[in-house]
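Note sheet for the following structure.
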Protein chains: 2
Amino acid sequence: MTRLRSYGQYCGVAHALELVGERWALLIVRDLILGPKRFTDLRLGLPRIPTNVLTTRLKELEESGVVRRRALPRPAASVVYELTDYGSQLENIVLQLGAWGAQSMGEPKPEDILTADGAVLALRTAVHPERLNATERIGYQLRIGEVQVYAVLSEAALHADAGTLPDPDLVITMADFGTFKPLLTRQLDPAEAVVSGTVQLTGDFALLPRFIDIFCLTDPRPAPV
Amino acid sequence: MTRLRSYGQYCGVAHALELVGERWALLIVRDLILGPKRFTDLRLGLPRIPTNVLTTRLKELEESGVVRRRALPRPAASVVYELTDYGSQLENIVLQLGAWGAQSMGEPKPEDILTADGAVLALRTAVHPERLNATERIGYQLRIGEVQVYAVLSEAALHADAGTLPDPDLVITMADFGTFKPLLTRQLDPAEAVVSGTVQLTGDFALLPRFIDIFCLTDPRPAPV
DNA sequence: CTGGATCCCTCACGATACTG
DNA sequence: CAGTATCGTGAGGGATCCAG
């Protein structure tokens, strides 16, 4: 049933692509990086995926040892999919691939969506950990189109997730999520964006440059671990 | 003609996969990492690829700005494909993907081949640059099945390529290329392999442990640049 | 409501043959 | 050498249906 199409090469890259190179597979891994998810959650994050393809991919990834299927204990009569240890080793590769792809990403097409997971991933990709300092404690709330995500910098670490923060130091709002990437790549000047109303701020305005500094996709980046 | 199937997400990973996520695409990039290649060279390195698919992929990769098609000057009435600067940024990602895939790679199947490029890539992936030292100068010649590749360590850098070396310090020969990966992952004990005849040596035997030490896929690795 | 299974259609892939 | 042409197959896309 699960026929793995071989590339006919004894090569790590070829074998890796046999495991996670099928269409949709790496996007499933991407969504699972942020934590275990149910079938339906994955569907929502991958709006165009046919359910049969999702089923097939999950089976293949499970068989490959990348994903584990786990039944939740009572009372949640449900099932979650999560990355195995082996699958988790893809995390940095997927993030780097995202950073590479983001460079050549233009305006969003009309049918494109931005998920909260996508925004969180973008923050985790873009962050420059070496620029954080231990004494600093900042809470950013982002509203990007419909999605709400937050980023907390404390103890030289980033905590980013979907949802809202109780007392953010700065709320950054943009109606169009097409604004987000130019901001992170410095194609869009923050000050200008605020003046033109493309980006709206609530809170300590002075924390915006710091945000751009910490989350910049184009600055040279020390190698991730 | 070139219809790019969209994933419908405004996300760096999704966009990256639209550029290089099609079947065979990353293997083409992989082969081009080692330098410009002609159409026929690519065919030889990708033994199972249909020529029309290779043509299509090259066009798509060119359109995506990953690959550049360049006509060679006279007298070589020919064409080569090479990575653009943007495409070259995939190098580390592809190597890391190869290291990830190699971990779960079993015995080669009967139809699998090993190309010289594959072996060179494996060496460049497996090398621990931080273990090289500036004073050391070693030339290894490897014969893995039919392929011949060499690795020269000098001035704390690795030079690996297909072909032969004039005066190697150690020649490492293995008839079956299935032996190569277990050696690099320390699943196969070098001393045992030599005693059993799976691996044959000519030259300074004492340089074999050093080889395994420098090229070890499983040891924790400082982040690549 | 979650977690799929089934059906049908289309197009990308794969194999082979052929050409400038 | 560097591709095009042709054609069959099967994986992906999309809608619908079903069991717990």
Side-chain angles (χ1 to χ4, degrees), chain A residues 1-9 14 17-28 31-32 36-63 67-82 111 113, chain B residues 1-9 14 17-28 31-32 36-64 67-82 111:
Chain A
M1 53 166 303
T2 314
R3 59 152 305 181
L4 46 142
R5 293 187 287 173
S6 169
Y7 284 104
Q9 293 207 230
L17 292 174
E18 286 165 7
L19 299 185
V20 297
E22 295 292 305
R23 191 165 168 75
W24 295 107
L26 267 188
L27 288 182
I28 295 172
D31 278 11
L32 292 181
K37 282 199 166 38
R38 292 176 305 173
F39 190 88
T40 305
D41 298 332
L42 288 168
R43 277 187 66 176
L44 295 177
L46 273 29
R48 318 254 287 225
I49 194 172
T51 61
N52 56 353
V53 173
L54 179 52
T55 302
T56 305
R57 287 294 163 275
L58 286 170
K59 275 186 192 149
E60 291 165 357
L61 290 172
E62 193 184 352
E63 197 168 339
V67 161
R68 175 176 34 238
R69 181 193 158 107
R70 185 161 56 91
L72 286 185
R74 299 281 326 288
S78 188
V79 168
V80 291
Y81 298 89
E82 59 190 1
E111 73 270 21
I113 65 160
Chain B
M1 50 168 298
T2 313
R3 59 153 306 180
L4 46 143
R5 293 186 286 175
S6 169
Y7 285 104
Q9 295 206 227
L17 291 174
E18 287 165 6
L19 298 185
V20 296
E22 295 292 307
R23 194 165 165 76
W24 294 105
L26 267 187
L27 288 181
I28 295 173
D31 278 12
L32 292 182
K37 283 200 165 35
R38 291 176 304 171
F39 189 88
T40 304
D41 297 332
L42 288 168
R43 279 187 65 177
L44 295 177
L46 274 29
R48 317 251 290 225
I49 196 173
T51 59
N52 55 353
V53 173
L54 179 53
T55 301
T56 306
R57 288 293 163 275
L58 286 171
K59 275 185 192 149
E60 290 166 357
L61 289 172
E62 193 184 352
E63 198 168 339
S64 305
V67 161
R68 176 177 32 240
R69 181 194 158 105
R70 186 160 57 88
L72 288 185
R74 301 285 322 290
S78 188
V79 168
V80 291
Y81 297 89
E82 59 190 359
E111 73 270 22

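Lettering follows sequence order; numbering is per chain, from 1.
Taken residue by residue, residues 41-50 of chain A places heavy atoms nearer than 4.0 Å to DNA chain D at R48(A), P50(A).
In this structure, E22(A) atom CD and dG10(D) atom P are separated by 15 Å, rounded to whole Å. Rounded to an integer number of Å, the gap from L72(A) CG to dG3(C) P is 8 Å. One atom, CZ of F39(A), and another, P of dC18(D), lie 18 Å apart when rounded to the nearest Å. Spacing between atom CD of E60(B) and atom C1' of dC13(C) amounts to 12 Å, rounded to whole angstrom units. When rounded to the nearest whole Å, the span between CG of L54(A) and P of dG3(C) equals 11 Å. Here dG12(D) presents its C1' atom at 11 Å from OH of Y7(B), a figure rounded to the nearest Å. For L17(A) and dC13(C), the CG to P distance is 14 Å, given to the nearest whole Å. Here the P atom of nucleotide dG12(D) and the CZ atom of R23(A) are 9 Å apart, to the nearest Å.
With sequence neighbours excluded, the residues forming a side chain to side chain contact (heavy atoms under 4.5 Å, CB included) with D41(A) are K37(A), R38(A), listed by chain and number. A search for ring pair (Phe, Tyr, Trp, His ring centres under 6.0 Å) contacts involving Y7(A) returns W24(B), not counting sequence neighbours. With sequence neighbours excluded, the residues forming a side chain to side chain contact (heavy atoms under 4.5 Å, CB included) with T56(B) are E60(B), listed by chain and number. Partners of R69(B) by side chain to side chain donor-acceptor pair (under 3.5 Å), not counting sequence neighbours, listed by chain and number: Y81(B). Among residues two or more places apart in sequence or in another chain, the side chain to side chain contact (heavy atoms under 4.5 Å, CB included) test is passed with T40(A) by none. Applying the side chain to side chain contact (heavy atoms under 4.5 Å, CB included) rule to E82(B) yields the partners P36(B), R68(B), R70(B); only residues at least two apart in sequence or on another chain are considered.
A heavy-atom distance below 4.5 Å is found between the side chains of L32(A) and L42(A). The shortest distance between side-chain heavy atoms of V79(A) and F39(A) does not fall below 4.5 Å. Looking at heavy atoms from C-beta onward, L17(A) lies out of side-chain contact with R23(B) at the 4.5 angstrom threshold.
With dG12(D), dC13(C), dG3(C) as the candidates, the nucleotide lying closest to the side chain of R57(B) is dC13(C). Set against dG3(C), dT4(D), dG12(D), the side chain of K59(B) has dT4(D) as its closest nucleotide.
One finds the CD atom of E63(B) at 12.5 Å from the CG atom of L58(B) (value rounded to the nearest 0.5 Å). T51(A) OG1 to L46(A) CG: the interatomic distance, rounded to the nearest 0.5 Å, is 12.5 Å. Rounding to the nearest 0.5 angstrom, the gap separating the CD1 atom in I49(A) from the CD atom in Q9(B) is 10.0 Å.
The rotation axes computed at either terminus of the helix from dC1(C)-dG20(D) to dG20(C)-dC1(D) lie 40° apart, taking five pairs at each end and rounding to 10 degrees.
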Report all interatomic pairs (protein N or O, nucleotide N or O of nucleotides 5-9 of chain D) with separations under 3.5 Å.
residue : atom : partner : partner atom : Å
dT6(D)  : O4   : N52(B)  : ND2          : 3.3

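Nucleic acid contact for T55(A): sugar-phosphate only, since backbone atoms but no base atoms lie under 4.0 Å from a heavy atom of the residue.
In this model, the phosphate group of dA2(D) is approached by a side-chain N or O of S78(B) to a distance below 4.0 Å at OP1 or OP2. Residue W24(A) places none of its side-chain N or O atoms closer than 4.0 Å to OP1 or OP2 of dA11(D). In this model, the phosphate group of dG3(C) is approached by a side-chain N or O of T40(A) to a distance below 4.0 Å at OP1 or OP2.
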